[in-house]
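Beneath this line is the structure, given in structure tokens, with notes to follow.
What you see below is based on every heavy atom in this structure, not just the backbone, and it leaves out hydrogens, waters and symmetry mates. Naming: A, B, ... by sequence-line order, numbering from 1 per chain.
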Amino acid sequence: MEPVRPEFAPDPDLSRDEMEALQHDVADAAEFTDSFDFAPTDVTANHVPPETVTGVNETLSTGGPDAGDDDTESGGIGAASDSERPLIAGVDQAFLDDHAVSAVVLLRGSTVVDRVYAVTELSTPYIPGLLSFREGGPIIDALSAVERDPDLLVFDGSGRIHYRQAGLATHMGVVFDTPSVGVAKNLLCGTPAESVTDRPAGWRTPIHADADVNADPGTVIGHAYQSRQYDTNRTINPLYVSPGHRVSAETTVELVAAVGGKYKLPEPTRLADAYADEVKRDLSE
DNA sequence: GCGACAG
DNA sequence: ATCTTGTCGC
């Protein structure tokens, strides 16, 4: 795929004020309403709702072809096989000295159909709120190597949950004008509607815009979503999911749940994370 | 000045 | 994000 709107590409050489100005433009260009042509229920064959797990490792599965196709899943009119399912791209990075290894794993259902990566020199430090100016370039490099246009991009980081409603997922979604969602492990800004501690799998609560966010106070900019949970001692923190581009806050939760597997992180992102680490390891030997 | 802050 | 062993619990 290629950047459809390169004018929004994050230039790491901009001044801080210019970066923030560009983010305002990105937020204005972003669409936080559903605008994609596949059903969330077609994303995966096995719509296993989030479970409360008892163990840690069960059977190792890295997304290889599944044993059989289920033509009789919920809905009935869904895709019959992985080959008909929407193309989902998971994006994540690993770092090595002053270089970023950006990895993209493409999935159709539970089948990994492609993996690409790019090694790019970093030119800007990590600054909360300006992440896309550090990782955006490297990510664009990797996504540009993807042959087919994904139906959805899943990022490791925030989307609309951002001071200027222009987090990494939103910024990249706008640059490629592709539906995208952000999945962060920590909350950047905004206020959860209720306590997020020790919640059962499947639980979610809205994240509202507060004084730190450039949006009408109370606007739902994302959700805390408990993808997995243990039934005993230790507890797992929730994920903070938010719209990137062309997806609503509510649908974002549904999509993240749909692409989620048996781990805390959704499969696309989890596999991209592992791939980035793998490339990094091979690269440092 | 103090506190807060995705990856 | 990254630097890293053991350890608790199923």
Please list, pair by pair, any protein nitrogen or oxygen found under 3.5 Å from a nitrogen or oxygen in nucleotides 3-8 of chain C.
| from | atom 1 | to | atom 2 | distance (Å) |
| --- | --- | --- | --- | --- |
| C/dC8 | O2 | A/R234 | NH2 | 3.0 |

Give one of base, sugar-phosphate or nothing for [X], where a contact means two heavy atoms less than 4.0 Å apart.
| X | answer |
| --- | --- |
| A/L130 | base |
| A/Y163 | base |
| A/D156 | sugar-phosphate |
| A/I161 | nothing |

Stems involving DNA chain B, each a run of at least 3 consecutive Watson-Crick or G-U pairs under 3.5 Å: none
Length of the line joining A/L187:CG and B/dA4:P, which is rounded to integer Å: 14 Å
Between B/dG7 (P) and A/H99 (NE2): distance, integer Å: 23 Å
DNA chain C base-pair string [pairs: Watson-Crick or G-U under 3.5 Å; |: paired with another strand]: ..........
Listed partners of A/E31 passing salt bridge (Lys or Arg N to Asp or Glu O under 4.0 Å), at least two apart: none
Pairwise salt bridge (charged side-chain N to carboxylate O under 4.0 Å, His left out) hits with a residue in residues 148-162 of chain A, at least two apart: A/D156-A/K185
Selection: residues 247-256 of chain A, any non-hydrogen atom under 4.0 Å of DNA chain B: none
